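Whatever order the structure lists ligands and atoms in, that order sets their numbers, starting from 1. Residue numbers count from 1 along this sequence. Just so you know, these numbers use all the heavy atoms, side chains as well, and skip hydrogens, waters and symmetry mates. Predicted model only: the values in this text are computed from it and were never measured.
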Amino acid sequence: MPDIQDSLDRIAADMAGRMDRGEVAHYIPELARVDPARFGIAVALPDDRVLSAGDSTLPFSIQSISKVFTLSIALGRLGDQLWSRVGREPSGQAFNSILQLEHEKGRPRNPFINAGAIAVTDAILAGHQPKELLGEILRFVRAAAGDDDIHINHAVARSETATGHRNLALASFMKSYGNLINPPELTLGAYFHQCAIEMSCQQLARAGLYLTSAAGTPRMLGPDRVRRINAIMMTCGHYDASGDFAFRVGLPGKSGVGGGILCIVPGKASVAVWSPGLNKQGNSQLGTEAIERLASDMGWSVFGASHTANPD
Ligand code: GLU
């Protein structure tokens with residue numbers, strides 16, 4: 001088994017030479033400006049070490065990875081009551097699909113598709129101003145990462161507010177079924193800003209440590225809830241490519257359209273990767289490949305260790 005740093009260095013060197021890097025997200029104009037040649041990767045370990053390669057200190061838009069943190073806050077605050085608002089089944093649909101929502105009468109399939117994440121944000125916004133909630137989300141993420149230098153990129157939030165018609169449709173649709181407490185615009189204001197949080201791979205990897213449940217990592221919520229969040233990451237974290245990610249990587253992960261992926265190796269490590277180009281399901285193309293390589297090199301999988309280079 002190679003050591004982690006060797007594996008990261010080889011992966012970053014290989015990714016630097018790739019021509020086919022996927023497409024950056026164009027539907028949020030600010031994200032369309034990000035350089036597709038960027039690539040960063042970091043592994044945070046419970047003993048406080050962070051190993052990394054490439055552009056691992058550059059902040060990027062975490063987008064849907066923020067849904068892991070808001071789900072954590074919601075479960076901590078509301079407990080199992082949350083499940084009356086949102087399910088926990090894989091959707092098999094695109095991240096912003098509206099189709100299923102009508103069939104299922106405004107109750108989204110899971111907290112990681114857009115509709116589900118909007119319902120979660122709405123649930124924790126109730127009784128608060130968006131500013132207060134965003135302050136709480138930032139405090140949570142900064143405490144998890146042990147780093148106060150984590151901020152919201154307001155230009156990205158404005159850009160998504162100006163173009164997020166589909167998310168407004170999803171929120172309005174849920175409102176019509178009585179599954180949204182606040183006015184759609186208010187909930188979406190909070191949702192777009194949580195998505196616009198920026199973190200580097202090193203910060204994000206650290207922030208994921210609480211999800212490893214390893215001794216010595218921050219305890220942000222109880223172990224049962226952590227296990228369940230990992231289960232949802234495994235089954236729903238990559239939209240309609242969640243099954244493929246589980247098949248290829250075998251670890252719980254959550255992607256974002258900024259090109260980041262947070263991946264948890266329970267008991268061992270938290271991994272963050274960033275490559276802005278996306279595949280057609282909206283997940284980082286090279287990021288997915290990089291995590292697959294790292295997991296294979298290190299024999300990391302929740303389904304048992306394997307050291308086969310090409311498991312197919
Ligand atoms: N803010 C993005 C949206 O709602 C998040 C999607 C993602 O990262 O997958 O469209």
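Phe140 and Tyr210 have perpendicular rings, their planes meeting at more than 60° on a 0 to 90° scale where under 30° would count as parallel.
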Where does ligand 1 get N/O contacts under 3.5 Å from the protein, atom by atom?
unit_1, atom_1, unit_2, atom_2, d
ligand 1, 1 (N), Gln63, OE1, 2.6
ligand 1, 1 (N), Glu160, OE1, 2.9
ligand 1, 1 (N), Glu160, OE2, 2.8
ligand 1, 4 (O), Asn114, ND2, 3.0
ligand 1, 4 (O), Glu160, OE2, 3.2
ligand 1, 4 (O), Asn167, ND2, 2.9
ligand 1, 4 (O), Tyr191, OH, 2.7
ligand 1, 8 (O), Ser64, N, 3.0
ligand 1, 8 (O), Ser64, OG, 2.7
ligand 1, 8 (O), Val257, N, 2.7
ligand 1, 9 (O), Ser64, OG, 2.9
ligand 1, 9 (O), Tyr239, OH, 2.5
ligand 1, 10 (O), Tyr27, OH, 2.5
ligand 1, 10 (O), Asn114, ND2, 3.2
ligand 1, 10 (O), Glu160, OE2, 3.4

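Lys67 and Thr70 share no donor-acceptor pair across their side chains, judged by distance under 3.5 Å alone. With hydrogens and angles left out, the side-chain atoms of Gln285 and Ser275 include no donor and acceptor closer than 3.5 Å.
Linking Ile, Leu, Val, Met, Phe, Trp and Tyr whenever their side-chain heavy atoms come within less than 4.5 Å puts Val86 and Ile73 in one cluster.
With values rounded to the nearest 0.5 angstrom, Ile4 atom CD1 is found 4.0 Å from Trp300 atom CH2.
You'll find the ring centres of Tyr239 and Phe245 outside the 6.0 Å limit.
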